[in-house]
Amino acid sequence: MKAAVISAPGTVEVTTVDDPTPGPREVVVSVAACGLCGTDLHILQGEFAPTLPVVPGHEFAGTVVATGSAVTELAEGDRVAVDPSLYCFECHYCRIGRNNLCERWAAIGVTTAGGAAEFAVAPVGNCVKLPDHIRTEDAALIEPLSCAVRGYDILRSQQLGTRVLIYGSGTMGLMMLELAKRTGAAGVDVVDINPQRLATARTLGCSGAAGSADELDRPRGWDVVIDATGNERAIQDALGRVGKGGTFLQFGVADYAARATIEPYRIYNQEITITGSMAVLHSYERAAELFAAGALDPEVFISDRLPLDRYTEALSRFRAGEGRKIQVRP
């Protein structure tokens with residue numbers, strides 16, 4: 001089969017690899033679409049994936065074409081979205097329900113072969129059947145949505161009527177915008193240096209959109225500030241925008257070497273909370289339900305659908321900040 005392979009830091013190509021075969025409790029999925037994510041860029045630069053080569057792609061959906069000998073829950077022809085999370089269920093963090101912090105954390109498309117290919121293998125327990133009204137290729141959006149749901153789980157102390165500021169209006173920032181509206185925010189402002197992405201935030205009904213938070217009229221700061229960029233400069237600016245008693249959520253994936261300066265006295269004196277959100281935790285099925293209920297419009301969120309043969313181009317466009325969600329399709 002054809003697959004994108006990251007063979008070494010900075011090196012990726014579409015090539016031929018062996019067809020996958022399922023284990024007893026696994027299925028083989030014919031991939032309909034696979035979304036690109038900032039994590040893929042980190043893997044390309046040698047971060048996250050413990051070993052290379054690896055087939056990337058942790059945001060995917062498709063049709064079951066083969067089942068393992070002990071699989072009874074799914075059959076060939078079922079359409080599914082796939083939670084890429086792979087946990088050991090044995091370590092301290094798994095035993096206390098914090099599986100996303102698993103000491104042996106792994107994920108399809110990060111530590112094992114993923115969905116940037118014609119076919120991918122997944123545990124049957126990681127597959128969610130799709131309702132008839134959902135297009136299979138659109139369901140690749142469920143995985144990033146599940147990460148956004150996890151982000152709002154972290155912000156569970158958020159009260160009705162809060163003011164929210166989001167840095168970044170790429171796919172994840174826009175998803176955080178949509179969920180903020182659903183969780184009772186009084187207003188959601190968005191900061192981005194990309195005018196086209198800001199235009200999409202306006203289309204989705206943000207309260208304010210600007211290239212800098214200085215352009216927004218919030219002298220007391222915001223109750224909740226979310227970084228969805230992973231950019232060091234954006235993070236530093238965002239930390240200074242949190243109002244008294246507010247919360248900063250690090251949601252974007254920063255480079256390992258990224259650094260930001262905090263003001264300990266201000267955090268103490270103004271009772272500011274700084275927290276983070278790591279991937280998916282008990283949120284994939286809820287994201288699937290939200291998606292099926294129309295929480296996201298795929299036509300707004302998916303800007304590019306390219307053939308798998310153009311994976312390298314798709315990755316370059318994503319790195320350049322073009323479009324919103326870019327998908328590849330075998």
Side-chain angles (χ1 to χ4, degrees), residues 25-26 34-43 47-51 54 56-61 80-115 120-128 139-158 166 168 170-173 175-176 178-180 183 224 226-230 235 247-256 258 273-291 295-296:
R25 292 287 293 163
E26 294 178 330
C34 177
L36 272 65
C37 168
T39 299
D40 298 314
L41 295 180
H42 284 276
I43 296 170
E47 297 178 344
F48 289 1
T51 59
V54 70
H58 58 279
E59 303 176 3
F60 67 99
V80 297
V82 179
D83 179 352
S85 308
L86 301 172
Y87 309 131
C88 77
F89 298 103
E90 297 176 353
C91 73
H92 167 75
Y93 296 103
C94 284
R95 293 199 307 272
I96 64 171
R98 301 296 299 274
N99 305 67
N100 63 328
L101 304 180
C102 175
E103 293 172 350
R104 303 177 186 90
W105 184 88
I108 301 168
V110 181
T111 59
T112 65
V121 170
V124 65
N126 289 53
C127 298
V128 175
L141 287 171
I142 293 174
E143 195 281 336
L145 180 58
S146 71
C147 294
V149 171
R150 169 60 182 162
Y152 277 93
D153 287 346
I154 291 291
L155 293 171
R156 55 187 173 271
S157 62
Q158 178 182 327
I166 299 172
T171 302
M172 299 314 303
M175 287 187 177
M176 296 303 272
E178 291 288 68
L179 293 185
T183 53
V224 175
I226 300 168
D227 172 70
T229 69
I235 293 165
T247 299
F248 171 78
L249 174 65
Q250 185 55 52
F251 183 74
V253 183
D255 290 342
Y256 285 4
T273 299
I274 299 175
T275 188
S277 173
M278 161 60 184
V280 182
L281 180 64
H282 311 314
S283 55
Y284 197 89
E285 286 76 9
R286 285 180 289 148
E289 293 283 355
L290 283 168
F291 191 77
L296 305 180

Check whether any side-chain heavy atom of [X] sits under 4.5 Å from a side-chain heavy atom of [Y], and report yes or no.
X	Y	answer
His58	Thr39	yes
Ser277	Gln250	no
Val124	Glu26	no
Tyr152	Ile226	yes
Val110	Ile43	yes
Val128	Val80	no
Ser146	Arg286	no
Trp105	Leu86	no

Atom of [X], atom of [Y] and distance for their closest heavy-atom approach:
X	Y	answer
Val82	Cys127	CG2-SG, 4.2 Å
Met176	Leu249	CE-CD2, 3.9 Å
Cys94	Phe89	SG-N, 3.3 Å
Asp40	Pro56	OD1-CB, 3.8 Å
Cys37	Glu59	CB-OE2, 3.3 Å
Ile108	Ala122	CD1-CB, 3.9 Å

Within 6.0 angstrom of Glu103 CD, more than 12 heavy atoms from elsewhere
yes
Can you measure from [atom1] ([X]) to [atom2] ([Y]) and round to the nearest 0.5 angstrom?
X	Y	atom1	atom2	result
Met175	Leu290	CE	CG	11.0 Å
Glu289	Ser283	CD	OG	13.0 Å
Cys147	Tyr284	SG	OH	9.5 Å
Leu101	Ile96	CG	CD1	8.0 Å
Leu296	Phe291	CG	CZ	6.0 Å
Thr275	Leu155	OG1	CG	7.5 Å

Phe248/Ile235 under side-chain contact (heavy atoms from CB on, under 4.5 Å): CA gap, chis, key distance, verdict: CA-CA 10 Å; Phe248 171 78; Ile235 293 165; 4.1 Å; yes
Mind checking whether Phe48 and Tyr256 have parallel, tilted or perpendicular rings, split at 30° and 60°?
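Rings of Phe48 and Tyr256: tilted, as their planes differ by 30° to 60°.
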Kindly say whether [Y] contributes a backbone atom to a donor-acceptor pair with the side chain of [X] at under 3.5 angstrom?
X	Y	result
Asp255	Ala258	no
Asn100	Leu281	no
Arg150	His282	no

